[in-house]
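Structure first, commentary second.
For the numbers below, each heavy atom of this structure counts, side chains included, while hydrogens, waters and symmetry mates do not. Please read these numbers as outputs of a predicted model, since none were measured by experiment.
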Amino acid sequence: MNAATTQEQRQSISEDDVTIIIGLEVHVQLDTKSKLFCGCSTEFGAPPNTQTCVVCTGAPGSLPVINQQALRLSIKTGLALNCEIARFTKWDRKNYFYPDLPKGYQISQFDKPICGLGYLDLFDQRDKSKTRRVVLERAHLEEDAGKSIHDESKQGGNSRIDLNRTGTPLLEIVTQPDMRSAAEARAFLNELKLILTYLEVSDCNMQQGNLRCDGNINLHIRVDGQQIATPIVEIKNMNSFRAAERALDYEAVRQLELWKQNGLTISDAPKQTRGWDAATQTTTLQREKEASADYRYFPDPDLIAVTLSEEEIDSIRSEIDRLPAQWREELIGQHGLKPYDADVMVGQGRGVIDYFLNVAEGCGNSKMAANWIGQEVLRFLNESEATIESYPITSTQMTELLTRVVGGELDQTRAKEVLEQMIEFQLEVQSAMDKLGIKPVDNQEIEALCQQLINENPQVIEQIKGGNAKAVGALIGKARKLNPNASPGLVKNTILKMVGG
Amino acid sequence: MDFSNLTATQCVNQFASGEVTATALVQSCLHQIQQNDPSLNSFIRTSDSALPIAQALDIKRAAGKPLGPLAGLPIAIKDGICTAGLKTTAGSRMLEEFVPVDDATTVKRLVEADAIVIGKTNMDEFAMGSSTEHSHFGISKNPWNHQYVPGGSSGGSASCVAAGLTPASIGSDTGGSIRQPASFCGVTGLKPTYGRVSRFGLIAFASSLDQIGPMARSAEDCALITSVISGHDPKDSTSAKNDIPDFLATLNQPLKGLRIGICKQHFEEGLDSEINDSVKAAIQVLKNLGAVITEISMPHTPYAVAAYYVIAPCEASSNLARFDGVRYTHRTEGVKDLAEMYCQTRAEGFGNEVKKRIMLGTYALSSGYYDAYYLKASKVRRMIKQDYDTAFESVDLILGPTTPTPAFQIGEHSQNPLAMYLADIYTVSANLSGVPAISIPCGISNRGLPIGLQLQARSFDEATLLQTAHQFQMETDWHTRRPNQ
Amino acid sequence: MSDSIDRETVEQVARLACIDLPASRVDETAKQLAEILEYVGQLEQVSLPDDVEPFFGATESVNAIRKDELSPSVARPDILSNAPDSDGEFYQVPPVF
């Protein structure tokens, strides 16, 4: 893995010789009311240092007591990620000094994490009909640190410390280096976030820091039959999934270029930590992992071990509803959605799926419900950056609208106009139809209308009689002008019947 | 009035019966402290609220309201235990100005039982020491002879009870810090089972070893106080949910048939001959009371101090990392950056013994050494615990000396810290295994210094310890001896 | 286990422990630490059964947990009152770099 290479060998490398190796560490803030080891609130946005107590500020004599819900949410996550759940788990101290780490150590889990090996299957980014498996190394519970606000003026002013966040429960999920592109890493993050939100274990709000990720990346390069690995770089500060993808893409290119220049391999250089700089779209060196980073892990003597019984784990398992992958299968298999549409819908979260299921069942036509939600509803949500919960049309209203379409009372085009009216003027279906002057047209009226069209358009009728039934389309628009309420389908069928085509 | 010879039980009884007022008891203590403590230095400070609380208690009694089980008892608290609104320093410059927000659970329980906190006692800094010579607030003296140490780390708590400044006190014991000073000062000191008494509010030295306990003039007093401070505390994950027996109810049961083991490793080289003789005499007393004495072997005993001096510093190095000049402590002035602030503050705020132990623990936990030191010591700890388990299959109590020598002179071990560490040789095993242990007076040396006897029992069997100690004290008067009498 | 501890190690340990150790005190500290390490070195002589589990805590009970319920935080002026430097809202520390 570390053979010396010549400049010439290195310049002759093609893209096919390079494999990108990516592993991720994701910190998820678990959605508990109180902190991991004390009863202070985890609510975001409170004034500084108003959500602290003797425990989370590390007052002399204070002691931690574990929050049961944090354990349950961790186990729930582990089960959803196919992890082995520990029957015995314990707490360790990770010792280092930092002003936003009140005790001088972080309570974490070292050798007995609550969740062991697991995996997550993703669509293969190159061929979506296949899946790729990312193996999860472990997931462990730990307490968050506080917030340091440094003086940005470079005048050497004091740093200010807010300990509100200190002690908030985090689940750190660590993958094996199984991802082979930045796009795949992003897909992993998307799927993970989706699972976490379906489980309701975290709101995954990245702006509030409730989901954070670091990436480890290097390259495996084939040179004349040997494999060479470049030094591993840990990238921090990737504060959105898009940023993660860009940072990893950037880093892969940087590492390849650097290696082409200096030929240094994993055994020649220490692991580096680099930060993603969104302003310059580059990574910059934060520190080399020096020998002195020695966390002196040891079991926390203030906490006792936790044992979990099969019954407890089963009871948590029973709380897990269907996960995104199962929903995709169900939407495709049971409701006839196309894989792409199912994926889009699942990607919108449980609320959209529930909305869809209500409408599909109510109007009796899954495909129509899927089309309407996929196009009208999601377009509206995207444009207005709203969530399904705040969408102005309830699933009951949507059901009523589509029931009329299914029953032939409304055609799709008119139904869309009705929907627009309903949104704009906050109307029920019937009121919107009234406002648009839509009313049922009886058969006699249709027949009279068709007779009129037949009389006025002999050329079209000739074509139809000549066997070109599609020519009837030319009359539909005319029918609409004469009577906007006339159903195009009914007009078409009636004309064809009358002409005898 | 001089109440300085009253036991805690007598204080409580006399207050309840109206013989004395709480005000008089507190005034007597404060007077004794004022008279005698300038030379003893057993207190770091007294509490300004002791007198008002005593007055309120007198009114409460006069009104016929129900009184707590310790009503009227003035009690001193080791300064490593938090008292809300009253400075709590752990004997360190680092915490010179620290005022806790909350009472420790023990203090809370004492206060709820109507005991009166009289003040905070001196101690080796962060409980690291066996002589109370290592306090930022000066050396405490042994009331039997001011040239001698009172023992440590709860030296102030032992000294003030022995000198009659207060009838009882609270100490903490990590490797013998209640029992060794109790032995040096001629008082009775109990280290309860690990988990029996909440550690919430006890400034941690070594969390897996620390335990709070009473120091008083008799086993009966210790039983009275232990009943109040024991019990599960939801704020301390390591506190036990075991039932609390009525420790007072069993004190007077006879010892007939009680099986006492004499650990032969406690009588090997290094034991002072006067102590050997006193302990042997005490064994005879217990035999006469009906106890059955057998010799037992606890083969890992010789390694206990070594295991202790790995485990305790390791835990301490982490426990004391929070003292960093940011939230609760002294901070060095005039520094240019954070790293300098940390290092200067900690260099200046901690005394030498504390710094040495922090560095020792840091070293022993650091990469490459963990297995050889911390892990190995924790495995030896398991063997020590197994020695106890085996012993308690055949005996009910283990008896031996509390310390290998009586109190040593101030400064005697300053050039030889290891000799000081060996003062804990008989006491550390109880902390390593978690079992309860008590030290009771059993003799006076030729130099006029007290000698202590240690009894150890199965986990959560303080009742048998207290009963045996009480029965011994019914037969002997060592526990009633006072300095200069 | 090693009974001796060199200057460099002592300095490294002091850095890890965040304790300023003047150069003049390094040798003395090394000697003090070596003395204790030599004493605890006797642990090496203890022969242990292969399957012995370390005993890390004096209690081996399990599952002390609390319900996910809020308890009142400490008022900010009270929690900040012990801080050597605060502006009434934040703890203040010297600049990190």
Under a 4.5 Å heavy-atom cutoff, which of [options] has the most pairs with chain B?
{"options": "A:Gly104, A:Pro60, A:Pro64, A:Ser159", "answer": "A:Pro60"}
{"options": "A:Asp300, A:Leu303, A:Ile66, A:Leu63", "answer": "A:Leu63"}
{"options": "A:Leu163, A:Thr57, A:Asn95", "answer": "A:Thr57"}

A:Asp214 side chain reached by A:Ile235 side chain, heavy atoms, under 4.5 Å:
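SC-SC contact between A:Ile235 and A:Asp214 ruled out.
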
Decide yes or no for B:Lys78 and B:Ser177: does some side-chain heavy atom of the first lie under 4.5 Å from some side-chain heavy atom of the second?
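In contact.
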
Quiz prompt | Candidates A:Lys35, A:Lys94, A:Lys103 - the one meeting side-chain hydrogen bond (donor to acceptor under 3.5 Å, both in side chains) with A:Glu143 | solution =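 Looking at A:Lys35, A:Lys94, A:Lys103, the match for A:Glu143 under the side-chain hydrogen bond (donor to acceptor under 3.5 Å, both in side chains) is A:Lys103.
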
Side chain, backbone, both or neither of [X] within contact of chain A (heavy atoms, under 4.5 Å):
{"X": "B:Leu320", "result": "neither"}
{"X": "B:Thr362", "result": "both"}
{"X": "B:Asp236", "result": "both"}
{"X": "B:Asn319", "result": "both"}
{"X": "B:Pro234", "result": "backbone"}

Any side-chain donor near an acceptor of the partner, B:Arg199 and B:Tyr194, under 3.5 Å: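 There is such a pair (donor and acceptor under 3.5 Å, judged by atom type) between the side chains of B:Arg199 and B:Tyr194.
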
Between A:His27 and A:Glu172, do the side chains contain an N or O donor and an N or O acceptor separated by less than 3.5 Å?
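Yes, side-chain donor-acceptor contact under 3.5 Å.
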
Using a strict 4.0 Å threshold on nitrogen-to-oxygen distance, state whether B:Lys108 and B:Asp103 make a salt bridge.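 No, this pair does not count.
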
Among [options], who wins on heavy-atom pairs under 4.5 Å with chain A?
{"options": "B:Ser318, B:Gly201, B:Ser207", "result": "B:Ser318"}
{"options": "B:Tyr370, B:Phe200, B:Tyr374", "result": "B:Phe200"}
{"options": "B:Val326, B:Val101, B:Thr329, B:Leu202", "result": "B:Leu202"}

| request: Pick one of side chain, backbone, both or neither for A:Tyr297, based on which atoms fall under 4.5 Å of a heavy atom in chain B. | output: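 Only the backbone of A:Tyr297 comes within 4.5 Å of chain B.
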
Give a yes or no answer on whether the side chain of A:Arg212 reaches the backbone of A:Asn210 with a donor-acceptor pair at less than 3.5 Å.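 No, because the side chain of A:Arg212 does not come within donor-acceptor range (under 3.5 Å) of the backbone of A:Asn210.
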
Indicate the ring-plane relationship of A:His150 and A:Tyr98, choosing parallel, tilted or perpendicular according to the 30° and 60° boundaries.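 Answer is perpendicular, since the angle exceeds 60°.
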
